[in-house]
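In what follows, every heavy atom counts, from backbone to side chain, and hydrogens, waters and symmetry copies are set aside.
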Amino acid sequence: MDLRNIAIIAHVDHGKTTLVDELLKQSGAFRENQSVAERAMDSNDLERERGITILAKATSVEWKGGRINIVDTPGHADFGGEVERILSMVDGVVLLVDAAEGPMPQTKFVTSKALALGLRPIVVLNKVDKPDAEPDRALNEVFDLFANLGADDDQLDFPHLYASGRSGWADTELDGPRKDLTALFDLVVKHVPAPAQISRQDEPFQMLATTLGADPFIGRILTGRVEAGRLKTGETIKALSRTGDRLEQFRVTRIMAFRGLSQQAIDEAMAGDIVTIAGMSKANVADTLCALSVDTALPAQPIDPPTISVTFGINDSPLAGRDGSKVQSRVIRARLMKEAESNVAIHVSDTPGGEAFEVHGRGELQMGVLIENMRREGFELSISRPQVIFREVDGQRMEPIEEVTIDVDDDYSGAVIEKLTGPRKGELVEMKPAGVGKTRIIAHVPSRGLIGYHGEFLTDTRGNGVLNRVFHTWAPHKGEIPGRRQGVLISMEAGTSVAYALWNLEDRGKMFIGAQEPVYQGMIIGEHSRDNDLEVNPLKGKKLTNVRASGTDEAVRLTTPVRMSLEESIAYIDTDELVEVTPKSIRLRKRLLDPHERKRASRAAS
């Protein structure tokens, strides 16, 4: 069968998963009367809720007697570890670009990886039916992007299509018939080369594992592209580590291939196809599965290093153990190690005490997704403020710099630039008009300066600004960057909050809790209007007397409390504060100091 392997690349919310839905429908992967959820490739609950792709997933469609394996990749740089592995399985990429927004930072990140691997791109200008679409400008920006990323002549001579993924059409001309996606299917078959591995079917079996999974019935499974040879169910093969060390020898219990949205068992895997193998117990991502006669491991694509670290600890607050069932440090450690096994962009290490674990990753969103998944599984955790990972190069301290692209109303551009280039030590790179009444700002800002900035940014832009960020480079340390300006309101008592007490505290600042909520000593219940922390009593009720008069008693009307999401909470806290995460609640609190730290703090104060 004629075979093509492609990946679809796009920035967050540029319509990638919606386009894959239409490709599946129009290729006949679904029955006429089959009920299929919107964004069918977003199988994870969090993906559906947030409208973003987190995990790279494969599917396949049949077209005119051939098969096209399609890989849907995440659009956010925090999940770039998924992308870097997945691109080694394909021979071409479809780059989807919003005709109004043009190529965005996350597009640049993934595209640079694809071009470096020599993959041939097809550019699809999506959403050309929107009123603010400018497909010609977007196409020119894509060409400039490819040139800046060092694309060769073949890659720069890319074909392009105009499309609307939601309406299910793609055409070679902007004023085409707008009927279906036939032009895209035909272009993929014509432009993307067939896998070079097909010519190696008579060699010994070799496959590089790119994603790890688990099936409740067949156990550990690894997915990848067969680089050479053939493999039948029941054959015995071995696994080699990246360095060529022999990990294990095992019998293949099942081989599965992608057919539409599901995987089906097949008898034989052939070179060039993307398949899933079961039967191993130790083999992992980036390991080589091969015939017993092979002794050399396949080269694995290098993964960019993590840029931030977060400490995951046990929940040791007075309210611990009320909501979750998984509270012990050994259970938390086992879950984090399992995550690090399947997600190569995450590294886990133990802290000296053994009660907490350092988790290194790509960004706050990646950490937020991991924590959210864990709390839904019944874990209780305490999470520290994210810390940027520094490097030493020739005796000089280096820190990660991110490229920030901001689309904002003209009226608010001054406030944004002032915040980025002032206290946050950023450098303005470019500023240009971006449509009616909008300005696009591009700046290089230290990662430290962006931790906790998003909430401030939304306030400064009245919620209308769009901020995208991606790792840019390492640069010499830029000096001290001030943290949060405001202090916090800390409960001095344990019990249940009283509406009257909170009403009297509203002059002091914004509240994070409402009435009749459990509080404890050291819990953060609000933000102080000044820059110092303040201990307050949220339990203090009104003194009762025998005198009652309708004109003197004021009605207690509380302002709606500020409810922060998980990512907002992690970005908000200071270095001496923690986020307490349980399946039902997200609370902020001051960190409980151990006796040694208490002694050090008192010495420093004196």
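- Considering only heavy atoms from C-beta on, Pro446 stays 4.5 Å or farther from Arg424 through its side chain.
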Next on the checklist: What verdict does the side chain to side chain contact (heavy atoms under 4.5 Å, CB included) test give for Ile401 and Ser447, after you've listed the backbone C-alpha separation in whole Å, the side-chain angles of each residue and the deciding distance to 0.1 Å?
Outcome noted: CA-CA 6 Å; Ile401 304 292; Ser447 298; over 6 Å; no
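- Ile308 has its side chain out of reach of Ile389: every pair of non-hydrogen atoms, C-beta onward, lies at least 4.5 Å apart.
- With salt bridges taken as basic N to acidic carboxylate O contacts below 4.0 Å, none links Glu535 and Arg508.
- Put simply, the side chain of Thr307 never gets that close to the backbone of Pro400: no donor and acceptor are under 3.5 Å apart.
- Atom OG of Ser491 sits about 9.5 Å away from atom OH of Tyr520, to the nearest 0.5 Å.
- The shortest side-chain heavy-atom distance between Pro135 and Leu174 falls under the 4.5 Å cut-off.
- Annotation: cation-pi geometry satisfied between Arg391 and Trp474 (NZ/CZ under 6.0 angstrom from ring centroid, within 45° of ring axis).
- Under the rule for a salt bridge (charged side-chain N to carboxylate O under 4.0 Å, His left out), the partners of Glu339 that lie at least two apart in sequence or sit in another chain are Arg335.
- Heavy atoms from other residues, nucleotides or ligands lying under 6.0 Å from CD of Glu506 number more than 12.
- Proximity of Ile383 to Val310: side-chain heavy atoms (C-beta onward) are separated by under 4.5 Å at one or more points.
- Checked by atom type and distance alone, the side chain of Arg375 pairs as donor or acceptor with a backbone atom of Thr582 at under 3.5 Å.
- Between Glu517 and Arg587 there is no salt bridge, since none of the side-chain N atoms of the basic residue sits less than 4.0 Å from a carboxylate O of the acidic one.
- Of the residues listed (Val71, Val97, Leu95), the one engaging Ile9 in a side chain to side chain contact (heavy atoms under 4.5 Å, CB included) is Leu95, and it is the only one.
- For Arg385 (side chain) and Ile573 (main-chain N/O), a donor-acceptor pair under 3.5 Å exists by modelled atom type.
- From Trp169, atom CH2 reaches atom CG of Leu181 across 10.0 Å, with rounding to the nearest 0.5 Å.
- Formation of a donor-acceptor pair under 3.5 Å by the Gln155 side chain with backbone atoms of Leu115 is found in this model.
- Although no hydrogens or angles enter the test, the distance criterion places no donor-acceptor pair under 3.5 Å between the side chain of Asp533 and the main chain of Gly487.
- Atom CG of Asp574 is separated from atom CG of Leu588 by 11.5 Å, given to the nearest 0.5 angstrom.
- The CD atom of Glu372 lies 9.5 Å from the OG atom of Ser565; values are rounded to the nearest 0.5 Å.
- For the atom pair CG of Leu420 and OH of Tyr453, the computed distance is 4.0 Å after rounding to the nearest 0.5 Å.
- The existence of a salt bridge linking Asp410 and Lys438 is excluded, since no basic side-chain nitrogen approaches an acidic carboxylate oxygen closer than 4.0 Å.
- Of the possible polar contacts, none joining the Thr461 side chain to the Tyr412 backbone as a donor-acceptor pair under 3.5 Å is found.
- Using a distance-only test at 3.5 Å, with no hydrogens or angles considered, a donor-acceptor pair links the side chain of Asn537 to the main chain of Leu539.
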Item to check | Derivation and outcome, side chain to side chain contact (heavy atoms under 4.5 Å, CB included), residues Val359 and Leu336 | outcome: CA-CA 8 Å; Val359 181; Leu336 291 174; 4.0 Å; yes
Item to check | From CA spacing to verdict: side-chain hydrogen bond (donor to acceptor under 3.5 Å, both in side chains), Glu580, Ser382 | outcome: CA-CA 5 Å; Glu580 177 190 341; Ser382 60; over 6 Å; no
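- For Arg137, the CZ atom is densely surrounded, since the number of other residues' heavy atoms within 6.0 Å is greater than 12.
- Scanning for salt bridge (charged side-chain N to carboxylate O under 4.0 Å, His left out) contacts around Glu493 gives an empty result, with sequence neighbours left out.
- Remark: Gln396 CD is packed, more than 12 non-hydrogen atoms of other residues, nucleotides or ligands lying under 6.0 Å away.
- At a threshold of 4.0 Å, the pair Arg397-Glu399 does not count as salt-bridged, since none of the basic side-chain nitrogens sits closer than that to a carboxylate oxygen.
- Of the possible donor and acceptor atoms, none in the side chain of Arg589 sits under 3.5 Å from a partner among the backbone N and O of Met523.
- Proximity of Pro159 to Val123: side-chain heavy atoms (C-beta onward) are nowhere separated by under 4.5 Å.
- Counting heavy atoms from C-beta on, the side chains of Phe457 and Ile406 come closer than 4.5 Å.
- For Glu358, the side chain to side chain contact (heavy atoms under 4.5 Å, CB included) partners two or more places apart in sequence, or in a different chain, are Ser309, Thr311, Ser349, Thr351, His360.
- Using a 4.0 Å cut-off between a side-chain N of Lys or Arg and a carboxylate O of Asp or Glu, Asp98 and Lys130 qualify as a salt bridge.
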Checklist entry - Under the side chain to side chain contact (heavy atoms under 4.5 Å, CB included) criterion, do Met511 and Leu489 qualify, and how do the steps go? => result CA-CA 8 Å; Met511 290 294 149; Leu489 301 175; 3.6 Å; yes
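- Between the CD1 atom of Ile442 and the CG atom of Leu428 there is a distance of 9.0 Å, given to the nearest 0.5 Å.
- Applying the 6.0 Å contact sphere to CD of Glu173 captures no more than 12 heavy atoms from other residues, nucleotides or ligands.
- Using modelled atom types and a 3.5 Å distance limit, the side chains of Glu577 and Tyr572 yield no donor-acceptor pair.
- When side chains are defined from C-beta on, Thr111 counts as touching Phe146, because their heavy atoms get closer than 4.5 Å.
- Looking only at distances, a side-chain donor or acceptor of Lys425 sits under 3.5 Å from a matching main-chain atom of Lys478.
- Salt bridge annotation for Lys590-Asp576: present, with a cationic side-chain nitrogen under 4.0 angstrom from a carboxylate oxygen.
- Heavy atoms from other residues, nucleotides or ligands lying under 6.0 Å from CD of Glu377 number more than 12.
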Next on the checklist: side chain to side chain contact (heavy atoms under 4.5 Å, CB included) for Tyr162 and Arg178? Distances and angles first, verdict last.
Outcome noted: CA-CA 9 Å; Tyr162 302 95; Arg178 302 193 172 191; over 6 Å; no
